[in-house]
S.K.: 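The following block contains the structure, expressed as structure tokens.
The structure presented is a predicted model; accordingly, all values stated were derived computationally and were not measured. Note: hydrogens, waters and symmetry copies are ignored here, and every other heavy atom, side chains too, is used.
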Amino acid sequence: MTPEQLIALDQQYVWHPYASMDNPPPAYPVIGAQGVRLTLADGQELIDGMASWWCAVHGYNHPYLNQAMKLQIDDMSHVMFGGITHQPAVSLAKRLVDLTPPGLDKVFFADSGSVAVEVAIKMALQYWHSKAQANKNRMLTIRNGYHGDTFGAMAVCDPINGMHSLFASVLPQHYFVNAPPMGFDRALQDGDLTELEDKMRDHQNEIAALILEPIVQGAGGMRFYSPQWLKGAADLCKQYNILLIADEIATGFGRSGALFACDHAQVQPDIMCLGKAITGGTMSFAATLTTEEIATSISRGEASCFMHGPTFMANPLACAVANASLDLLEHSDWKGQVRGLNEGLNRLLQPAKLLVYVEDVRVLGAIGVIQVTQAVDLGIIQKMFVAEGIWVRPFGKLVYVMPPYVMSPEDLTLLCNGMLRVLARYFGEAHGQDCATE
Ligand SMILES: *Cc1c(COP(=O)(O)O)cnc(C)c1O
């Protein structure tokens, strides 16, 4: 197939994420990926700023991850997990328990982040059911959240971004409060937690759990908030007898500068969801961890078991490569790499704050966000990024990068300068002026 044929057949037959099939936008055929670069079918190389949506933290085509998968394939790619166990799953569970905050001692493996969130919500509901408080069956969450695309997860996504109105008649109705005030370094002020506490006080008999993305709200707005707020929210959960579900699917494994975002606040959630970077960006996989108390209570409840069991649960290939990814993290200076990216992103992107078409620039860990004044036209700007030799995929007003941890300072400079050049041209043309500064 020529690249042109591939693109045409793709447009004819294949649905892409959040894409229209009525006049679908052309997708770029990729034929390989190595380190921090994607290779397009025409031979062009792009520096990847997205790490394939937070996942490819070690870069692409990593020989150690490849080797782990090849070895595992020769033993078995998959076996069912009902009544069967295997070394890759058991080792991985033990390691996740050791790495995550204290108290998270039981591991449920799932096949994607959304499913890990479904599992977390179900655990919370089954827990209260087993405690004879089945009326505690609503979630509490913060606006601007993103927890996945399945129905349970969608019901706790931001009601506006998540298009709740479309699905209003089928989504469970949960409680929402405003997102925490922005700023990782913001000192907690009087009133910051008032709305949350009011909601908890008024509805503690109905609320099973508070679910949130700790510190970094990802796809629902790329917002960062403070460890003090997170700690305050966690304390309120205890006070009002509400479980805390930390969705670390985007933040887990170092992205925010701590191994888990909860670690910034020394918060110990009752349930934690992991996904995305868990396999170093190689395979779809996720896990939901919980406490001994929740696991035991569920198991002593009416059902005598947890009512969930995906077909591909604990897929050995995914577990093996997840173990290998943990090896790489343990033997690398990921903290130093993330700190280096953080310094680079700050130095290269913060000056854009002065541009008239930029509303805000935010950097945390290895995440850099430029919020522009108006939503960008993806069809136009995507081509401009590719022409610049970089892969950046904005949504709405958010033009952001979360590079693989292994990106060199030189490539980071190319990536960030490319982003700024594209924005200058895009907004320069839109405003009929070039590169306007205040
Ligand atoms: C991506 C994401 C999910 C959903 O994960 P999928 O693997 O896409 O189902 C859930 N929560 C957060 C915070 C995410 O970033």
Side-chain angles (χ1 to χ4, degrees), residues 100 103-143 145-159 162 164 167-177 196 199-214 233-234 236-249 262 267-275 286-311 313:
T100 50
L104 296 168
D105 291 333
K106 307 288 174 187
V107 182
F108 189 98
F109 290 117
D111 23 27
S112 73
S114 300
V115 173
V117 169
E118 299 286 330
V119 164
I121 293 173
K122 199 187 271 188
M123 278 180 181
L125 299 183
Q126 236 191 291
Y127 172 73
W128 290 115
H129 193 278
S130 76
K131 293 267 165 192
Q133 295 187 60
N135 49 323
K136 275 169 85 75
N137 60 8
R138 306 268 212 115
M139 295 291 128
L140 171 61
T141 191
I142 54 182
R143 293 200 175 86
Y146 178 77
H147 298 283
D149 291 345
T150 52
F151 275 82
M154 205 167 37
V156 287
C157 290
D158 186 273
H164 279 198
F167 307 104
S169 60
V170 278
L171 284 186
Q173 299 301 302
H174 296 307
Y175 290 111
F176 287 82
V177 295
L196 186 74
K199 210 55 117 192
M200 286 187 177
R201 191 190 310 102
D202 294 348
H203 302 284
Q204 53 185 302
N205 296 327
E206 298 158 72
I207 296 173
L210 169 66
I211 179 168
L212 47 70
E213 296 155 278
L236 288 173
C237 282
K238 289 219 166 56
Q239 189 181 331
Y240 290 100
N241 207 22
I242 287 168
L243 301 178
L244 177 62
I245 302 174
D247 179 351
E248 294 247 13
I249 290 165
C262 282
V267 156
Q268 300 171 13
D270 301 288
I271 300 174
M272 182 186 271
C273 303
L274 299 173
T288 307
L289 282 78
T290 192
T291 61
E292 172 103 46
E293 146 75 1
I294 291 177
T296 308
S297 300
I298 287 174
S299 308
R300 290 179 186 163
E302 185 185 325
S304 305
C305 68
F306 181 53
M307 300 298 286
H308 212 97
T311 306
M313 186 169 183

S.K.: Heavy atoms only: give me the nearest Cys305-Ile298 pair and the separation to one decimal.
M.R.: O-CG2, 3.8 Å

S.K.: Heavy atoms only: give me the nearest Phe151-Glu118 pair and the separation to one decimal.
M.R.: N-OE2, 3.7 Å

S.K.: At their closest point, which heavy atom of His147 faces which heavy atom of Cys157, and how far apart are they?
M.R.: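 His147 and Cys157 have their closest heavy atoms at N-SG, 3.4 Å.
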
S.K.: Just wondering, do Met200 and Ile242 contact through their side chains at under 4.5 Å, heavy atoms?
M.R.: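 Result yes, sub-4.5 Å side-chain heavy-atom pair found.
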
S.K.: Just verifying a value: how many Å separate Asp247 CG and Ile121 CD1, rounded to the nearest 0.5 Å?
M.R.: 9.5 Å

S.K.: Which one of Thr141, Ile271, Leu140, Leu212 satisfies the side-chain contact (heavy atoms from CB on, under 4.5 Å) criterion with Ile245?
M.R.: Ile271

S.K.: Do the side chain of Ser114 and the main chain of Asp149 share a donor and acceptor less than 3.5 angstrom apart?
M.R.: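 Between the backbone of Asp149 and the side chain of Ser114 there is a qualifying donor-acceptor contact (under 3.5 Å).
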
S.K.: Is Asp105 close to Thr291 at the side-chain level, that is, under 4.5 Å between some pair of heavy atoms?
M.R.: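 Contact flag for Thr291/Asp105 side chains = no.
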
S.K.: Could you measure the distance from the CD atom of Gln126 to the CE atom of Met307? Nearest 0.5 Å is fine.
M.R.: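 The distance works out to 7.0 Å.
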
S.K.: I want to check something: taking the side chain as every heavy atom from C-beta on, are Leu210 and Met139 in contact at a cut-off of under 4.5 Å?
M.R.: no

S.K.: Is the side chain of Trp128 donor-acceptor paired with the backbone N or O of Ala208 at a distance under 3.5 Å, no angle test?
M.R.: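 Yes, Trp128 side chain to Ala208 backbone: donor-acceptor pair under 3.5 Å.
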
S.K.: Counting distance only, does the side-chain N/O of Asn135 pair as donor-acceptor with the main-chain N or O of Asn205 below 3.5 Å?
M.R.: yes

S.K.: Could you check whether any side-chain heavy atom of Leu274 comes within less than 4.5 Å of a side-chain heavy atom of Ile249, counting everything from C-beta outward?
M.R.: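 The answer is no, as the side chains (C-beta and beyond) never meet within the 4.5 Å cut-off.
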
S.K.: Please give me the minimum heavy-atom distance between Val117 and Ile211, naming the atom from each residue.
M.R.: CG1-CD1, 4.0 Å

S.K.: Taking the side chain from His164 and the backbone from Val156, do they hold a donor-acceptor pair closer than 3.5 Å?
M.R.: no

S.K.: Nearest 0.5 Å, what's the NZ-CD distance between Lys136 and Gln204?
M.R.: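 With rounding to 0.5 Å, NZ (Lys136) is 6.5 Å from CD (Gln204).
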
S.K.: Could you give the distance from CD (Gln133) to CG (Leu125), rounded to the nearest 0.5 Å?
M.R.: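 Rounded to the nearest 0.5 Å, the CD-CG separation comes to 13.0 Å.
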
S.K.: Counting only heavy atoms not in Arg300, do more than 12 sit closer than 6.0 Å to its CZ atom?
M.R.: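 Result for CZ/Arg300: open.
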
S.K.: What closest approach, in Å, do Cys273 and Ala116 show between heavy atoms, and which atom pair accounts for it?
M.R.: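 Nearest pair, atom of Cys273 first, then Ala116: SG-O, 3.6 Å.
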
S.K.: Any donor-acceptor pair under 3.5 Å linking the side chain of Glu213 with the backbone of Glu248?
M.R.: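 Judged by distance alone, no pair lies under 3.5 Å.
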
S.K.: Ignoring hydrogens and angles, tell me if any N or O in the side chain of Lys106 forms a donor-acceptor pair with the backbone of Ala295 under 3.5 Å.
M.R.: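 Not at all, since once roles are kept as given, no pair shorter than 3.5 Å links the two residues.
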
S.K.: Does Arg143 count as lying over the ring of Phe176, i.e. NZ or CZ under 6.0 Å from the six-ring centre, within 45 degrees of the axis?
M.R.: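 Arg143 over Phe176 ring: no.
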
S.K.: Can you see whether Glu206 engages His203 through a side-chain donor-acceptor pair at a distance of less than 3.5 angstrom?
M.R.: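 On atom types as modelled, these side chains qualify, holding a pair under 3.5 Å.
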
S.K.: Find out whether Asp158 and Tyr146 are in side-chain contact, i.e. whether some heavy atom of one side chain is under 4.5 Å from a heavy atom of the other.
M.R.: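 Asp158 does not reach Tyr146 side chain to side chain.
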
S.K.: Are the side chains of Cys262 and Met272 in contact, using a 4.5 Å heavy-atom criterion?
M.R.: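 Yes, close enough: below the 4.5 Å cut-off.
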
S.K.: Output the distance between atom OG (Ser297) and atom CD (Glu292), rounded to the nearest 0.5 Å.
M.R.: 10.0 Å

S.K.: How about His174: does its NE2 atom have over 12 heavy atoms from other parts shown lying under 6.0 Å from it?
M.R.: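 Atom NE2 in His174 is crowded, with more than 12 foreign heavy atoms closer than 6.0 Å.
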
S.K.: Using the rule given for side chain to side chain donor-acceptor pair (under 3.5 Å), can you reason through Tyr127 versus Glu293, listing the C-alpha separation, both sets of side-chain angles and the distance that settles it, and then say yes or no?
M.R.: CA-CA 9 Å; Tyr127 172 73; Glu293 146 75 1; 2.6 Å; yes

S.K.: Is there a side-chain contact between Val267 and Pro214 in this structure, where contact means two heavy atoms from C-beta onward sitting under 4.5 Å apart?
M.R.: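 They are not in contact (no side-chain heavy atoms under 4.5 Å apart), so the answer is no.
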
S.K.: Do Thr288 and Lys122 come within less than 4.5 Å of each other through their side chains, counting heavy atoms only?
M.R.: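 Not touching, per the 4.5 Å side-chain cut-off.
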
S.K.: Can you see which heavy atom on Gly309 is nearest to which on Phe108, and at what distance?
M.R.: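 Result for this residue pair: N-CZ, 4.2 Å.
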
S.K.: Could you list the residues that satisfy ring pair (Phe, Tyr, Trp, His ring centres under 6.0 Å) with Tyr240, not counting sequence neighbours?
M.R.: none

